[in-house]
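In listed order, ligands and their atoms are each counted from 1.
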Amino acid sequence: MPQEASKVADPDSSAEVAAEAAAEAVAESSRQQDEAESGDESAEEATEPGAGGEHVTAKKKKSRKRKLKSTLTGKGKEPAVGDAEAPAGQHLSKDQLNMLLEANPALKNDLMAKGTGKESIEQMLRKLNVSEMLTGLAPQGKNVKDMASHEFWKTQPVLSFDELASGKDKIVDGPIKDIQIDKVDKNPSPMYPGFEWVTMDLEDEKQLEEVFDLLYNHYVEDKEAMFRFRYSPSFLNWALKAPGWRKEWHVGVRASASGKLVAFISAIPIQLRMRKNILNCSEVNFLCVHKKLRSKRLTPVLIKEITRRCYVEGVFQAVYTVGSLLPTPVSTCRYFHRALEWEKLYDVGFSPLPHGSTKKRQIMRYSLPEKTSTLGLRPMEAKDVDSVLDLLKRYLDCMDMAQVFSKPEFEHWMFPTEKPKEQVVWIYVVENPKSKKITDFFSFYNLESTVIGHKKHDVIKAAYLFYYATEVAFEKDASLLKPRLNALIKDALILAKQAKFDVFNGLTLLDNPLFLEDQRFGAGDGSLHYYLYNYRAQPLAGGINMSNQSSDKHMRGVGLVML
Ligand SMILES: CCCCCCCCCCCCCC(=O)SCCNC(=O)CCNC(=O)[C@H](O)C(C)(C)COP(=O)(O)OP(=O)(O)OC[C@H]1O[C@@H](n2cnc3c(N)ncnc32)[C@H](O)[C@@H]1OP(=O)(O)O
């Protein structure tokens, strides 16, 4: 699952969203400056990482680039970004504007931070265009593309910004495009000259290591490039070989001359329930392009190829998560982080020292008891599988969107029998001491982040909250759920600390808003957008309110945890 590496938002900033937008503006202007300074030629030079002995003249490179662009986009020329105007806010009714604000909680916050007090939010809204409204990044609109500027995405079967803006109540859940399997191309799409497609064989440790290396050096970073996800080979082995996995869905690109792996995209099959409909779906993840091959439009080629490989297998829908805004999220969740080793997180720049606080006070704030307190809590055992799966299924039925777990899938994800080199997932159950029934469970997985260029620490060890469920969720008295979840998650924090994790991360999905604040999770600076491919659906609650804060009034839309 992919996403943006998030860290704790600085609570001292007057409006974190505005700060985030400003940081993006700086990054954008430095990027433009870089481009202006480096010129086309050096960018060309950069397109062949590790291409070893291959000798290509600058002229040849230019003509190759032109040829490529037309082959890959199917057009001779791509219109410049921003050629087409998005519909202006003025065309929307008050109801539509309100609906947009509701669909995009970050926006209101942003407008309030930017407002002069003279204009109402509604007046400010009317000055924006639709895509700006949807993104919540309105004041930095130049970083946000409207639908027409998404040269690739506007050609794909995904919900457009305008469709959402024209009224979410009008959206009827269902496939966008009817795919005729016999018309699907049996051959891979054309690849850039000098590069070639490869189907990675992840049963081969060397090839698994190659994927690890690519991601280790080039995968998702936070906005300031301080941290980069470090998915271990054991993790990748687990994530990419879920029941029903297909080798053909582990797609790589190699530089022909050197054989170096320079790009990757993957999918695994899942059954996804969207409200009442069950979709035979693929979950797309680990899209990565070598840093020196960026902005060459290799991504659309990779996406088209994984799409083709899914279509060939009769899989016509997909789900994926991305940290950045594309057309058009079905939901958006926010990252939250609970410090376990606050001082280390402070040292590496992950957690700020709030104004007026001291290091000592922060360490105290995040201290935890040595021992767990839930009666009957213990590591899960093989004999628990059926009861825990049953509990999880009933709990996930309370969510609008969730994976439909088969027993082998449940075992793979939460109780793997194969013991990897590095432990990936932890799972605990609560057994009622009298009835011996399993009443609750929780799980978390291990995903480290590389600390880029730090003298003292090279890695942050993060536990990510995975699935959990409790019988209390089905009690008539809804007020019982919050204390129960708080007790369980507090124990999860204690166990994660015992397992030497530095931080415990979670999103605003499932019922998480019921405990994030009480368990001292801090809001992160990253969001995670959920997307569906070839499926139109009314937006789902992502656990955040109009001010982008965790909210128990906006829960139970997203029940799918992606890695
Ligand atoms: C039925 C089966 C369907 C299967 C397919 C379902 C869809 C799956 C979709 C994939 C789900 C992946 C889930 C994950 O793994 S999300 C994790 C993505 N990986 C990273 O962030 C790792 C670090 N970054 C990189 O490796 C590169 O920056 C990437 C590869 C992200 C973009 O490389 P680059 O910066 O060099 O761009 P380009 O010049 O090649 O291409 C530009 C075009 O690509 C669009 N773009 C940029 N980033 C993403 C993104 N993360 N998802 C979808 N589209 C993206 C962009 O809007 C533009 O299109 P348009 O705006 O002009 O239209």
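- Considering backbone and side-chain N/O atoms, His150 comes within less than 3.5 Å of an N/O atom of ligand 1.
- Atom numbering of ligand 1 starts at 1 in the shown order; those under 4.0 Å from a heavy atom of Phe286 are 15 (O).
- The residue among Lys177, Arg294, Lys154, Glu151 with a heavy atom at the shortest distance from atom 28 (O) of ligand 1 is Arg294.
- Counting only non-hydrogen atoms, the option in Ser295, Ser149, Cys310 that gets closest to atom 2 (C) of ligand 1 is Cys310.
- Nearest-heavy-atom check against atom 3 (C) of ligand 1 across Tyr533, Trp153, Tyr311 picks out Tyr533.
- No donor-acceptor distance shorter than 3.5 angstrom exists from the side chain of Trp413 to the backbone of Trp238, with no hydrogens or angles considered.
- Interface atoms of ligand 1 facing Lys145, defined by a heavy-atom separation under 4.0 Å, are 60 (P), 61 (O), 62 (O).
- Polar contact with ligand 1: absent for Thr321 (N/O pair, distance under 3.5 Å).
- The ring pair (Phe, Tyr, Trp, His ring centres under 6.0 Å) check on Phe152 picks up nothing, with sequence neighbours excluded.
- On a distance-only criterion, Val322 and ligand 1 share no N/O pair closer than 3.5 Å.
- Here the straight-line distance linking atom CZ of Phe521 with atom CZ of Phe504 works out to 5.5 Å at 0.5 Å rounding.
- Checked options Lys145, Met147, Glu151; the residue passing with Ser149 is Lys145 (criterion: side chain to side chain contact (heavy atoms under 4.5 Å, CB included)).
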Please report, to 0.1 Å, the donor-acceptor pairs under 3.5 Å made by any side chain of residues 245-252, with sequence neighbours excluded.
| from | atom 1 | to | atom 2 | distance (Å) |
| --- | --- | --- | --- | --- |
| Arg246 | NE | Glu313 | OE1 | 3.4 |
| Trp249 | NE1 | Arg309 | O | 3.0 |
| His250 | NE2 | Leu240 | O | 2.9 |

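- Using the six-membered ring where Trp is involved, Tyr533 and Tyr311 have ring planes that are tilted, between 30° and 60° apart.
- The atoms of ligand 1 that sit less than 4.0 Å from any heavy atom of Phe152 are 59 (O), 60 (P), 62 (O), 63 (O).
- Contact atoms of ligand 1 toward Leu298: 40 (O) (distance under 4.0 Å to a heavy atom of the residue).
- Scanning Val315, Leu287, Ile179 for the heavy atom closest to atom 18 (C) of ligand 1 points to Leu287.
- Of the heavy atoms in Glu221, none comes closer than 4.0 Å to ligand 1.
- Taking a 4.0 Å cut-off on heavy atoms, Val284 registers as neighbouring ligand 1.
- Those atoms of ligand 1 with a heavy atom of Leu326 less than 4.0 angstrom away are 52 (N), 53 (C), 54 (N), 57 (O).
- With ligand atoms numbered from 1 in the order given, ligand 1 contributes 15 (O), 17 (C), 19 (N), 22 (C), 23 (C) to contacts under 4.0 Å with heavy atoms of Tyr219.
- Looking at Asp525 and Lys223, no side-chain N of the basic residue comes within less than 4.0 Å of a carboxylate O on the acidic one, giving no salt bridge.
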Residues Leu560, Tyr467; criterion side-chain contact (heavy atoms from CB on, under 4.5 Å); working and verdict: CA-CA 9 Å; Leu560 174 70; Tyr467 286 99; 3.9 Å; yes
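- In this structure, the side chain of Asn534 does not engage the main chain of Gln317 through any donor-acceptor pair within 3.5 Å.
- Although no hydrogens or angles enter the test, the distance criterion places a donor-acceptor pair under 3.5 Å between the side chain of Arg334 and the main chain of Asn548.
- Using a 4.0 angstrom heavy-atom cutoff, Tyr531 does not count as in contact with ligand 1.
- Of the possible polar contacts, none joining the Asp458 side chain to the Thr450 backbone as a donor-acceptor pair under 3.5 Å is found.
- Ranked by closest heavy atom to atom 47 (C) of ligand 1, the top entry among Leu325, Thr299, Val301 is Thr299.
- Atoms of ligand 1 found under 4.0 Å from any heavy atom of Ala318 (numbered from 1 in listed order, with element): 2 (C), 3 (C), 4 (C), 6 (C).
- Not a single heavy atom of Thr155 lies less than 4.0 angstrom from ligand 1.
- Taking the six-membered ring wherever Trp is involved, the centroid distance between the rings of Phe264 and Phe286 does not fall below 6.0 Å.
- Between Val289 and ligand 1, a contact under 3.5 Å exists for at least one N or O pair.
- Ligand-side atoms of ligand 1 in range of Phe316: 1 (C), range being under 4.0 angstrom from any heavy atom.
- Side-chain atoms of Asn237 and Ser234 form no donor-acceptor pair, as typed in the model, at a separation below 3.5 Å.
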